[in-house]
Number of protein chains: 2
Amino acid sequence: MSTTPPSTPPDPSPPPRRRATITDVAREAGTGKTSISRYLNGEMSVLSPELRARIEAAIARLDYQPNQMARGLKRGRNRLIGMLLADLTNPYSVEVLQGVEAACHALGLMPLICHAANEVEMERRYLQLLTTYRVEGVIVNAIGVREETLRPVGGGGIPAVLVDRRVEGLAADMVGLDNGAAAELGTRHLLEQGFEHIWFVVQPFEQVSSRQLRVAAFDRAMRDAGRARGHTLVLDLADMDTLARGLAELDRAIDSSSGAGARLAGAMSRIALFAANAPVALRLALHLKARYGANWQTRVALLSIDDPDWAELAGITTIRQPTYDIGYRAVEFLHERIEGVHTRARDCLLPGELIVRASTAR
Amino acid sequence: MSTTPPSTPPDPSPPPRRRATITDVAREAGTGKTSISRYLNGEMSVLSPELRARIEAAIARLDYQPNQMARGLKRGRNRLIGMLLADLTNPYSVEVLQGVEAACHALGLMPLICHAANEVEMERRYLQLLTTYRVEGVIVNAIGVREETLRPVGGGGIPAVLVDRRVEGLAADMVGLDNGAAAELGTRHLLEQGFEHIWFVVQPFEQVSSRQLRVAAFDRAMRDAGRARGHTLVLDLADMDTLARGLAELDRAIDSSSGAGARLAGAMSRIALFAANAPVALRLALHLKARYGANWQTRVALLSIDDPDWAELAGITTIRQPTYDIGYRAVEFLHERIEGVHTRARDCLLPGELIVRASTAR
DNA sequence: CTGTTAGCGCGTTCAG
DNA sequence: CTGAACGCGCTAACAG
């Protein structure tokens, strides 16, 4: 690192005068604070054109900008909502976020984005922080929060909307992918393509409702197709040891179904991996590439829920989630709650879209 | 979409009592607000153990949480800083963000993350919004803001530190990659690997200082190596028309250097593409794959500044930016400014790291 | 050690 | 149409 002084003068910052307040503007315009406040709140009809002009001028001259904090304090609402994300590293989150932002924009809300980076402790802290800042509502893409943690929030406290995952015991609105339909769609596709061996690969799913649903739907679809049941492999991406063990198990399966032995026996058949989400798919792809080389796809087919940008490049089949809509819808739900809608908790399940690529095409 | 009512009772939300205030706590503890305030601010030594215990109990009973807005209003500082990101879709941004979050965490700051989604208008609005919320400082990864827009911010107003890109005419701290060294590093590597034809591919760079520096360093390195000068291709990823034209130009170059003609003439040589950042690299890779098939890398080598997660999978060589450190450092700079440090604007240039992969190895 | 008092910047009655 | 006065939740002197 190098710290170079640029060629600018020693900071010609004008007298760091404090920001103008509503009182300053009133004085400058030769009127009272009330009129300024009215102007700010668009109650134009109650102001003489002449006064209005003076106010406008004063505001411009002083470069006045109302203090949202003070306004919030006074009115009891600050137009702030919390957006708690489990993992921004996952493209899913970023895409959902875009929907959230668009909706906030349209509804005059300001999202406070909190990134828990997959740490439960972080999540808890952020939730508390948001409460502390008196956000009017929260959108939660939970990691490990339990009902108690969210109680002051979803319960009698501030409204909450869940994204992608449900929190046990908490009756809150939730919006996400129709996991059952999506997993079934993927499984059906693989079966139709004639794959004999299908492995569903997923992160530990005890705590995450969406993962549970995907696993269950996969199993059901396999059974419905007459297969005993699909293989399910649990991969904990955060734990190198168990991760390595899981991948080793997978390797054995691949070797025995497409390895030299199987080939000689005429039982050669490409194995298919169904990744429960993009992070899993990436991990699998990286591993397979490292083990079987650049042509790993000739031995293994890969299908994933989520459609990260590298999927097209790698040519893997995916089920794209309606991420933008999920985010947008979540904000709409939340907004309704904030505005006082008091029906019981609702669910909004959106369908995924199958995008077939070379990986699973015949 | 289906909206199913879950099987929970019609919302057993307890009387939505309003949150307890400091006054409530004082009453509950049978004391004055001041003592509560002192307790909250950790001035324990000034409180009798007995009173302290009563306060603790009252707080717990009421589930009291101090209102940050009110605190901020009173003290004149709210521990909020703005983080304005040009494009969260770019992994670079997310990684920088992680450093920012860690630093904020350590310094007791709360980042308000704003995502401009590559739109100048959004950027302007967010900047204004942040001002309005009286953030104590801003970290800006600018798109198109000009000095005037940032004036109320970097100028006499709230402190600002720039990330990755400089804003013309604004004397503010800035932290980012040492673009000159990075581009030179990449170019040198390609030359050492014996590539004859090297194209530097970059988005429109007139407005973005980091891109300018990369282009310039590339040219310089090529000249120093005795080549006349490198080819530079400008690709506007947002404009499909010019994008198509640019890619077509590239295709011609590739065909003539590695196509049938060149092969017959014995002049066969693999062309190398040097992408100025990950979004460009992805676009190139997608195009090349579409045009030349899965084995496109046998015809073209690709090197990119930025090291997105798919780089390993695709096997392309990269120059990894110290993104986490960039974010962390930016917050540290900003924190110093907030605390009143008043030296002239500083620069912090961090080095990139070359990661050689199959794409450019011989 | 502890309580009282006065605002922070703004919105909102309520009389002019 | 306009301004004075009060209070949102909290902190900071200033007394006790």
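Within every chain, numbering begins at 1; the chains are lettered A, B, ... in the order of the sequence lines, protein sequences first and strands thereafter.
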Does [X] come within less than 4.0 Å of [Y], counting only side-chain N to carboxylate O?
| X | Y | result |
| --- | --- | --- |
| E119(B) | R125(B) | no |
| E136(B) | R337(B) | no |
| R19(B) | D24(B) | no |
| E28(A) | K33(A) | no |

What's the shortest heavy-atom distance between [X] and [Y], and which atoms?
| X | Y | result |
| --- | --- | --- |
| L88(A) | V94(B) | O-CG1, 3.8 Å |
| R165(A) | I143(A) | NH1-CA, 4.0 Å |
| N141(A) | S93(A) | OD1-OG, 4.3 Å |

Distance-only donor-acceptor test (3.5 Å): side chain S37(B), base dA12(D)
no
Classify the side chain of K74(A) and the base of dG7(D) as holding, or not holding, a donor-acceptor pair under 3.5 Å.
yes
Please give, in whole Å, the distance from [N] [atom2] to [X] [atom1]?
| X | N | atom1 | atom2 | result |
| --- | --- | --- | --- | --- |
| D24(B) | dG7(D) | CG | P | 16 Å |
| N78(B) | dC10(D) | CG | P | 15 Å |
| N67(B) | dG7(D) | CG | P | 19 Å |
| L73(A) | dG9(D) | CG | P | 7 Å |
| R54(A) | dG3(D) | CZ | C1' | 13 Å |

Would you mind classifying the nucleic acid contact of S35(A) as base, sugar-phosphate or nothing, using non-hydrogen atoms under 4.0 angstrom?
sugar-phosphate
Considering only heavy atoms, which members of residues 38-51 of chain B lie under 4.0 Å from some atom of DNA chain C?
R38(B), S45(B), V46(B), L47(B), S48(B), L51(B)
On DNA chain C, check which nucleotide each of R75(B) and T31(B) is closest to and give me the residue with the more 5' one.
T31(B)
Between T21(A) and G30(B), who's closer to the 5' end of DNA chain C by nearest nucleotide?
G30(B)
Separation between CZ (R79(B)) and CZ (R71(B)), nearest 0.5 Å, reads 11.5 Å
R52(B) to Y39(B), cation-pi by 6.0 Å centre distance and 45° axis angle:
no
Using the heavy-atom set of chain A and a strict 4.0 Å cut-off, write down the first and last nucleotide of DNA chain C that makes it in, 5' to 3'.
dG9(C) to dC14(C)
